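These notes concern the structure reproduced below.
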Amino acid sequence: MSINLKRFNRINRKKIFNKLERVDKGAVPAIPKRPPLLHPQYDIESLTDIFLSKFSASAASFQSIDSLTLVPELVLQYAEQHASDMNVVTNISEVLQKNEPSLLWPEPLTLHHGPANGEQSIGLSYADVGIAETGSIVLISSKKNPTSVNFLPDHHIVILNELDIVPNIEMMWKKLSLVAGSMPRAINIITGPSRTADIEQTIQLGAHGPRSLHILLLMEPA
Amino acid sequence: MPSTAPHNQAAFFRAKSSDALLDDSLQAALNHAKGGFIKKRAEAIADVDSFESYKQQAQLVKNHTINNLDYYLHLFEQNVEKNGGQVHWASTPEQLNNIILHICERRDAKTVTKGKSMVSEEAYLNASLEAAGINVTETDLGEYIIQLAKEPPSHIIAPAIHKTRQQVEALFKEAHDLGDRQLDRIAELVDEARSQLRQKFLDADVGITGANMLIADTGSAMIVTNEGNGDLTATLPKVHIITASIEKVVPDLESASAILRVLARSATGQAITSYTSLFSGPRNVDDLDGPDEFHVVILDNQRSQMLNGPYEDMLKCIRCGACLNHCPVYSTVGGHAYGWVYPGPMGAVLTPLMTSLKQSKDLPNASTFCGRCEEVCPMGIPIPEMLRQLRNQEHKEHLTPLISRLSLAAYMWLTRHHRLFHWATKLTHWAIRNATSNSIIKTRLLKHWFEARELPLDDEKGTFLTQYDKIIKSTVKGQQ
């Protein structure tokens, strides 16, 4: 193909922007100010309860834990009940070990690090934020959370600290303080397992992403 | 120049809708779908304190953005570049195809996986890539089904809504090596597609997805899905290309949140879809996965012509599909009858504006003006009013048949002559009454018409005008 992409682009860009000029532009300031928006408000005291009630609608499951030391044993239990093999892909074992240096992964679980490649039945991640309004967990792509772990394994187990739950979607963005130029590549707001209703409007879980989503909710001691 | 083959078929709306009415499996599929979306949407809306206030906030965002489209598109472009990605501009669908082909060929791409993108449907991108020898796989289940069937989508969010499970099974049997395996249950069909597409995801050289919103402030594309195919397409290949159009831009993430609140509720009746993802560029240095190239191709395709004119509000459309789901015409004839990419009420407005009114002149008339589309539109777009305007335009441009223009002129003349009009309605009333009592007309001449309809005329009461006069007289008498 013999097009000069840059030149082509410049010409098209000019053509489009010329047409976008508003007739009544005179009244619009150079830097437009977006009108203020209202956000749904939630009771800060009961964020965990709201999270769990919204979350249950998404066909995900959860267990509450009071310590990260329980994680390996619970992953094993989950794998035995649901998974077709004992391969776990995760990049958070260091994070877990930092809190509990003696953390042991029970046999026959096999831990894999790095991105998922479709050969592990279970992905294990640590959520950056939870959203009470929608019952969602939020995962930001990084060394600790490669995005493929959220989508390729059959089952996704995610640890969420209840202190990381924010009331609404806007508060989540605010908490992440995102700035162009230093954006994470991907941010996934995940609400339940993968699903489709493309055949006869019948909801079926596990379309292309995980067939199940299981949250380990780390509760603060009361 | 690649071929962008199948063109606007909207000129055949009448023939296609007649065929649709006689197509038993289409009618079975449509009947099956009927009401599902409507019920789910109603429940999702009842579940929140004030959906009206959600709608207001979302509309504030869209009104503001449309008024400052040039500013926000410019800001978006700057910020994508800051994130290490590239923005490309396409005035026409052909240009969009050329840009994407160029990117694919530079990377020597052999295989492409695609997430759902209506913008790419506008350009017939798949045909263009295939003509260049690139293997394209649609990965949204509905899109995959219709790709196997070699058909265009019939619904903007449920592309294969017109297929029954038996038809899907037949398509899979033909395309996959199933051996003796049966795929009777929907779960088995979904699993079959999952396993077939898994390797495609892993092998693809380039991933192409659409975008529900472009966020100017952070230079990101937001993609809303339920299956997770969009995320796999955006994450596994070496190159991620996003196809979007100029009106998809919003100022910032707070604005995007307001639109998210109405999008899934209006579309599938969910508070939020399984996956709402923000993609902001190629992989960062310490990322373990993700593409090393990130492109956003922004298409105009006549949208900028809608600015500053009577159809500007159409640029606020967020493609939720609520107007399709609630339309009595769409639910009877299905999406293919509309003949182009966008069906239903929103398509009846967009197709004439984006292709040609002359070729799609039946679409603005494919409406009963019941007004449900406007009622359920989260953006409050006055679709019936726009259809009315398009009808006016057709009349002015002499696109309607001469006979209908003459009849309208005659009718206008008649309504201005009261006595004559009164007499004419009485004559018509008499004629219709005769027709309904005359068995030859009923059983022979207008047989098919009467099979589906009745003409309940009351002999006693007479015409509307006769009844009206009676009521007025008796009211006047009563007042005296």
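This one's a predicted model, so the numbers in the text were calculated from it and none came from an experiment.
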Check each atom of [X] against the heavy atoms of chain B and say whether the ones under 4.5 Å are side chain, backbone, both or neither.
X: Ser182(A); result: backbone
X: Leu152(A); result: both
X: Pro36(A); result: backbone
X: Asn18(A); result: neither
X: Gln201(A); result: both

For the interface with chain A, which of [options] has the highest count of heavy-atom pairs at distances below 4.5 Å?
options: Leu236(B), Asp49(B), Asp231(B); value: Asp231(B)
options: Gln270(B), Lys82(B), Arg261(B), His32(B); value: Arg261(B)
options: Leu197(B), Val87(B), Asp252(B); value: Asp252(B)
options: Ser280(B), Ala160(B), Gly228(B); value: Ser280(B)
options: Arg198(B), Met222(B), Arg283(B); value: Arg198(B)
options: Leu253(B), Thr218(B), Val190(B); value: Leu253(B)

Is any NZ, NE, NH1 or NH2 atom of the basic residue among Asp300(B) and Lys19(A) found under 4.0 Å from an Asp or Glu carboxylate oxygen of the other?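 Between Lys19(A) and Asp300(B) there is a salt bridge, with a charged N closer than 4.0 Å to a carboxylate O.
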Give, for atom [atom1] of [X] and atom [atom2] of [Y], the distance between the pair rounded to the nearest 0.5 Å.
X: Ser53(B); Y: Leu38(A); atom1: OG; atom2: CG; value: 6.5 Å
X: Asn68(B); Y: Arg34(A); atom1: CG; atom2: CZ; value: 12.0 Å
X: Ile189(A); Y: Leu260(B); atom1: CD1; atom2: CG; value: 6.5 Å
X: Asn150(A); Y: Thr235(B); atom1: CG; atom2: OG1; value: 8.5 Å
X: Glu170(A); Y: Ser255(B); atom1: CD; atom2: OG; value: 9.5 Å
X: Phe279(B); Y: Arg185(A); atom1: CZ; atom2: CZ; value: 6.0 Å

Determine the minimum heavy-atom distance between Ala90(B) and Ile16(A), stating which atoms define it.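 What the structure gives for the nearest pair is O-CD1, 3.7 Å.
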Please find the pair of heavy atoms, one from Asp217(B) and one from Ala180(A), that lie closest to each other, and give the distance.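 Distance-wise, the nearest heavy atoms are O-CB, 3.7 Å.
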Can you list the steps and then say if Asp191(B) with Arg211(A) is a side chain to side chain contact (heavy atoms under 4.5 Å, CB included)? CA-CA 10 Å; Asp191(B) 258 359; Arg211(A) 298 171 188 275; 2.9 Å; yes
Taking every heavy-atom pair that is under 4.5 Å apart, which of Lys144(A), Glu133(A), Lys174(A) has the most such pairs with chain B?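 Top option by heavy-atom pairs under 4.5 Å: Glu133(A).
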Name the member of Pro40(A), Ala57(A), Gly192(A), Ser58(A) that forms the most heavy-atom pairs with chain B at distances under 4.5 Å.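 Most heavy-atom pairs within the cutoff with chain B belong to Pro40(A).
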Does a side chain donor of either Thr196(A) or Glu227(B) reach within less than 3.5 Å of an acceptor in the other side chain?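 Indeed, the side chains of Thr196(A) and Glu227(B) share at least one donor-acceptor pair under 3.5 Å.
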Within-4.5 Å side-chain heavy-atom neighbours: [X] and [Y]:
X: Gln167(B); Y: Ile199(A); result: no
X: Pro159(B); Y: Asp198(A); result: yes
X: Asp286(B); Y: Ser142(A); result: no
X: Asn12(A); Y: Ser91(B); result: yes
X: Ser136(A); Y: Ile272(B); result: yes
X: Glu188(B); Y: Gln204(A); result: no

Has Asp289(B) got a side-chain atom pairing as donor or acceptor with Thr147(A)'s backbone, closer than 3.5 angstrom?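 Checked: pair present.
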Is the centre of the Trp89(B) ring less than 6.0 Å from the centre of the Phe8(A) ring?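 Between Phe8(A) and Trp89(B), which both carry aromatic rings, the centre distance is not below 6.0 Å.
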With side-chain hydrogen bond (donor to acceptor under 3.5 Å, both in side chains) as the test, would you mind laying out the steps for Glu254(B) and His39(A) before giving the verdict? CA-CA 9 Å; Glu254(B) 196 184 334; His39(A) 313 154; 2.7 Å; yes
Residue part contacting chain A, namely of His88(B), when any heavy atom lies under 4.5 Å: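 Answer is both: backbone and side chain atoms of His88(B) are under 4.5 Å from chain A.
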Show the numbers, then the answer: is there a side chain to side chain contact (heavy atoms under 4.5 Å, CB included) between His74(B) and Arg13(A)? CA-CA 10 Å; His74(B) 183 75; Arg13(A) 186 185 189 285; 2.9 Å; yes
Determine, step by step, whether Tyr275(B) and Phe151(A) satisfy the ring pair (Phe, Tyr, Trp, His ring centres under 6.0 Å) criterion, reporting the C-alpha distance in whole Å, the side-chain angles of both residues, the deciding distance to 0.1 Å, and the verdict. CA-CA 10 Å; Tyr275(B) 304 114; Phe151(A) 294 97; 4.9 Å; yes
